[in-house]
Amino acid sequence: MSETRFDPSVADGRWQRAWAEAGSFRADSQSPKPKAYILEMFPYPSGRIHMGHVRNYTMGDVLARYLKMRGAEVLHPMGWDAFGMPAENAAMEKGVHPGDWTRANIAQMKAQLQRLGFALDWSREFATCDPEYYGHEQALFLDLYEAGLVYRKESTVNWDPVDMTVLANEQVIDGKGWRSGAEVEKRKLSQWFLKITDFAEELLQGLESLENWPEKVRLMQENWIGKSQGLEFSFDLSDGATLPVYTTRPDTIFGASFVAIAADHPIAQRLGEGDPKIAAFIAECQKGATTAAALETAEKLGYRTALTARHPFTGAPLPVFIANFVLMEYGTGAVMGVPGHDQRDFEFASKYGLPILRVVARDPSEADAPFAREAEAGDGVIVNSDFLDGMSVAAAKQAVIARAEAEGWGRGTTVWRLRDWGVSRQRYWGTPIPFIHCEACGVVPVPRDQLPVTLPEDVTFDIPGNPLERHPTWKHVACPQCGKPALRETDTLDTFVDSSWYFLRFASQPADKPFDPEEVAKWLPVKHYIGGIEHAILHLLYARFWTRALARIGKLNLTEPFAALFTQGMVTHETYSRIDAARGVPVFYGPEEVSRTAEGATLIADGAPVEIGRVIKMSKSKKNVVDPDAIIARHGADAVRWFMLSDSPPERDLPWSDAGIEGCARFVQRLWRLFKAHDPAATGEDQALARKAHQTIAAVAGDIEALAFNKAVARIYELAGAIEKAAPSASRSEAIRTLAQLIAPMMPHLAEEAWAAMGNTGLVAESAWPEADPALLVEDEVTIAVQHMGKLRDTVTAPKGADRATLEALALAAPNLQRSLAGAPVRKVIVVPDRLVNIVT
RNA sequence: GCGGGCGUGGCGGAAUGGCAGACGCCGGGGACUUAAAAUCCCCUGAGCUUGGCUCGUGCGGGUUCGAGUCCCGCCGCCCGCACCA
């Protein structure tokens with residue numbers, strides 16, 4: 001122990017090699033120990049890891065290392081979500097093959113992760129772009145097809161006519177393609193769908209069992225699934241047709257004053273064919289964004305058609321509008337408008353001068369009360385509604401549904417917001433969908449013995465369109481049924497399919513099938529699943545669905561894959577910018593270009609100030625990124641890991657700061673000095689320090705189990721401070737040894753270095769977590785707050801567990817309390833044992 | 001628009017309804033040093049008539065012996081809302 005400083009550039013690599021050689025983190029499914037599967041959402045191999053990854057994987061690593069020390073057999077794997085658009089973008093921009101680009105990125109990122117010393121079982125590593133993986137995925141897709149859970153239907157996509165490609169919503173900016181700038185068209189394509197709606201009720205019910213998921217995520221999924229119950233019925237139209245509508249408020253049916261249909265409703269389309277003005281209005285509606293948020297914020301627009309609809313009870317003719325706020329995808333694409341009790345309808349009716357009728361009131365006496373500036377969507381009693389008058393909203397709903405069903409013109413239905421999952425992507429870099437289109441036989445599955453259907457390597461991205469589509473030979477195959485020339489499906493699977501079962505493959509990797517259900521049962525469900533909140537809905541819902549679907553077809557005995565979910569916050573950083581005088585737009589500068597002091601920031605290049613902007617998520621466009629590699633090279637892995645765990649609660653955003661990481665690096669050295677002071681020969685007891693050490697063992701364990709890493713960090717700072725202040729003793733040496741173990745999950749390299757230097761044999765990573773002595777956890781003296789009328793006046797020291805009378809007497813004797821009382825008579829004394837005494841006068 | 005979350009020192013944040021500000025960062029003062037770095041010690045919510053008192057957890061009310069915490073009403077900020085991963 002001669003070094004004066006801990007040198008991570010030497011120690012980090014030494015211990016990383018030691019763990020690898022010892023196979024410390026290989027998960028053994030045969031082990032008799034209790035199993036714990038710790039999983040962080042696997043990364044997309046974009047090229048370099050970013051601080052968000054570092055934070056995510058550090059949290060999982062602390063749990064994995066801690067649970068190992070607590071005696072668990074831990075599975076903590078890592079792999080790559082390797083298909084997706086960025087690889088194709090890179091191919092177009094740099095002329096590099098998506099596969100080459102992806103594999104180079106994986107190699108680079110793996111090395112980066114290894115430099116952070118994560119306790120990962122690399123023997124289970126795979127990438128979703130490995131033909132072995134996506135071949136198994138194709139087999140699973142065929143299984144689901146055979147079970148009737150996969151089908152094809154026409155669906156509308158964003159089509160870029162210049163790039164000849166389908167665009168994601170985020171690639172459509174102001175109605176134009178992000179790359180080409182061309183006006184985006186809506187196009188109908190025949191696409192593949194998974195029947196997730198078959199599982200809507202199950203997925204909704206299943207949320208209740210996910211007690212260790214954030215309430216927020218469960219609520220988001222619940223809203224996404226969007227179960228609603230109401231009435232479906234048809235209006236008779238003035239032209240003799242019928243118009244089915246769906247409403248969740250059948251109780252307000254007597255308040256209907258118009259009917260509205262979606263712009264892409266078949267009736268609207270039909271009317272548009274005969275009337276250029278209607279056609280123009282429909283085109284206008286389709287121009288804008290189509291997300292629910294955009295539609296509901298946009299001004300309500302309608303076109304009054306010549307049609308009227310006959311009210312089922314009153315027979316009154318209601319005008320039929322084509323309206324921009326009605327969604328074809330939800331319900332029947334048509335609604336009855338009740339302006340008095342629906343805000344959208346209210347705005348629409350106000351704009352077009354339609355009657356606003358009151359059918360719900362707080363009290364029957366207010367049946368004719370006027371409306372304020374908005375609809376009244378709340379509960380109340382039904383008025384102005386014939387046979388419904390006097391009923392509650394809930395009773396009236398049932399009454400209308402019952403009447404409609406009895407009279408045969410409508411029925412109570414459940415409508416879901418959840419739609420089937422469209423998995424077709426007209427792109428190259430994804431899992432080929434294993435089907436063949438034959439003119440004679442139709443859609444034919446690829447025979448199992450011909451899997452995997454692999455991607456052709458010889459493709460280029462220099463011209464627009466899908467390379468699979470224009471490849472000279474790849475799609476031309478013989479029909480497996482009739483043998484005649486046929487065409488391969490050229491769509492590939494949504495990458496969310498790849499991430500819907502990867503956690504099963506980590507647990508078990510047979511060559512001849514996707515996974516072995518018995519092996520899976522040993523590890524699943526995942527004990528802690530950690531990732532970003534951005535996956536709250538899609539990925540997590542799809543993975544839950546995929547698990548249930550595989551269970552339904554008998555491939556798996558599992559309903560929920562993730563027992564506990566944790567969503568960590570983002571890593572943020574200040575932004576530095578100046579307004580470009582010529583163009584009037586901000587120009588951003590990276591942290592490495594800027595000199596930051598307590599007073600402000602200046603650009604190193606010219607010494608003039610730059611503006612310090614908001615602290616936001618690290619992003620390339622704002623240039624506020626800090627590269628983990630540079631930080632590791634400078635401060636070592638442990639300082640970075642410690643920073644990731646310090647201060648901010650893990651679910652909240654973590655603001656990166658240079659001062660903060662420097663503080664962490666200083667603490668690493670401070671601990672090293674402390675470890676060097678370990679003296680195995682020291683004798684004598686230090687009760688107070690021993691107590692502190694054992695309290696810290698229990699507290700840190702509790703904090704890690706609650707994922708409150710910031711609190712565990714604070715505890716460790718406190719213990720380190722206490723050890724530094726203490727005089728040498730056997731207790732102190734013991735506390736120092738304990739400290740090395742407590743930091744082992746968080747700062748594993750320093751912990752190993754210290755552990756070895758103290759003369760321990762074996763790796764601290766494989767040592768048993770210290771036992772907290774219950775006798776040392778409780779204090780024998782406590783400080784009691786002495787209050788007068790709820791205000792703190794003094795404190796007294798009392799033995800732990802002292803009775804009420806003792807505490808009251810001690811408190812009343814406290815000099816500052818006496819001064820405050822000033823002789824006033826005591827009316828009441830409140831005693832909270834071991835905490836406080838409050839005197840009321 | 002709908003749904004959800006969050007507001008505590010200069011900053012990140014602690015606090016089963018019971019001593020508000022643990023712990024860290026920044027800042028200030030001191031020790032050591034020829035000097036610096038490193039390290040160590042002390043101070044660090046605001047105000048005041050400073051051995052102590054008053055105020056203080058976004059704002060306004062309420063419940064309670066006692067409210068950052070519970071209830072009611074506001075204000076502000078952030079996130080999600082179906083082809084990015």
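All of these numbers come straight from a predicted model, not from anything done at the bench. Naming convention: chains lettered A, B, ... in sequence-line order (proteins, then strands); numbering from 1 in each chain.
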Report the C-alpha distance between A:Thr841 and A:Arg827 in whole Å, list the side-chain angles of each, state the deciding distance to 0.1 Å, and finish with yes or no for side-chain hydrogen bond (donor to acceptor under 3.5 Å, both in side chains).
CA-CA 5 Å; A:Thr841 56; A:Arg827 289 199 296 133; over 6 Å; no
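- Heavy atoms of A:Asn223 sit under 4.0 angstrom from primed sugar atoms or phosphate atoms, though from no base atom.
- Pairing for B:U50 is absent, judged as Watson-Crick or G-U wobble with the two contacts each under 3.5 Å.
- Side-chain N/O atoms of A:Asn710 include one lying less than 4.0 angstrom from OP1 or OP2 on B:A14.
- The phosphate of B:C40 (OP1 or OP2) has a side-chain N or O of A:Arg673 nearer than 4.0 angstrom.
- Looking at every heavy atom in both residues, A:Leu807 comes nearest to A:Ala802 through CD1-O, 3.8 Å.
- Residue contacts for A:Arg218: at a heavy-atom cut-off of 4.0 Å it reaches no nucleic acid atom on any strand shown.
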Distances for protein N/O vs nucleotides 42-46 of chain B N/O pairs under 3.5 angstrom?
none

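- Regarding contacts with the backbone of B:G12, every side-chain N or O of A:Ser648 stays at 4.0 angstrom or more from both OP1 and OP2.
- The CD atom of A:Gln221 sits 14 Å away from the C1' atom of B:G4 (whole-angstrom rounding).
- Rounded to whole Å, atom P of B:U39 lies 13 Å from atom NZ of A:Lys676.
- At a threshold of 4.0 angstrom between heavy atoms, the contacts of A:Ile716 with the nucleic acid are absent.
- Relative to the ring axis of A:Trp224, A:Arg417 places its NZ or CZ within 45° and under 6.0 Å from the centre.
- The same atom, C1', is picked in B:U34 and in B:U44; the two are 32 Å apart, to the nearest Å.
- In this structure, A:Arg152 forms a cation-pi arrangement with A:Trp192, its terminal cationic atom sitting closer than 6.0 Å to the ring centre and no more than 45° off the ring axis.
- Across all strands, A:Trp224 comes closer than 4.0 Å to base atoms (heavy-atom distances).
- Inspection of the A:Tyr133 and A:Trp501 side chains reveals an N or O donor paired with an N or O acceptor under 3.5 Å.
- Residue contacts shown for A:Ile830 include a base, since a base heavy atom lies under 4.0 Å away.
- As judged by a 4.0 angstrom heavy-atom cut-off over every strand, A:Gln787 is placed among the base-contacting residues.
- Closest contact between the side chain of A:Arg819 and the listed nucleotides B:C19, B:A82, B:G52 involves B:G52.
- Ring geometry for A:Trp421 against A:Trp546 counts as perpendicular: the plane angle is over 60°, on a 0 to 90° scale with 30° as the lower cut.
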Please determine whether side-chain hydrogen bond (donor to acceptor under 3.5 Å, both in side chains) holds for the pair A:Gln426 and A:Asn466, giving the CA-CA distance in whole Å, both sets of side-chain angles, and the decisive distance to 0.1 Å.
CA-CA 6 Å; A:Gln426 293 70 32; A:Asn466 182 352; over 6 Å; no
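- Residue-level contact check: A:Ser499 touches neither bases nor backbone, having no heavy atom under 4.0 Å from any strand.
- If you check every strand for non-hydrogen atoms under 4.0 Å, A:Gln191 touches a base.
- Using a 4.0 Å heavy-atom distance criterion, A:Phe496 is classed as a base contact.
- The residue A:Pro649 sits close only to the backbone: its heavy atoms come under 4.0 Å of sugar-phosphate atoms, none of a base.
- Judged purely by distance below 3.5 Å, without hydrogens or angles, the side chains of A:Arg715 and A:Gln695 never pair a donor atom with an acceptor atom.
- Among the protein residues, A:Glu662 comes within range of no part of the nucleic acid, since none of its heavy atoms lies under 4.0 Å from any strand.
- For the side-chain hydrogen bond (donor to acceptor under 3.5 Å, both in side chains) test, residues two or more places apart in sequence or in another chain that qualify with A:Asp7 are A:Ser9.
- Separation of the P atoms belonging to B:U69 and B:C6 is 13 Å when rounded to the nearest angstrom.
- By the 4.0 Å N-to-carboxylate-O rule, A:Lys692 lies close enough to A:Glu718 to be salt-bridged with it.
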Polar pairs (N or O, both sides) under 3.5 Å between protein and nucleotides 23-25 of chain B?
none

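- B:G58 adopts an anti glycosidic conformation, its chi angle falling more than 90° from 0.
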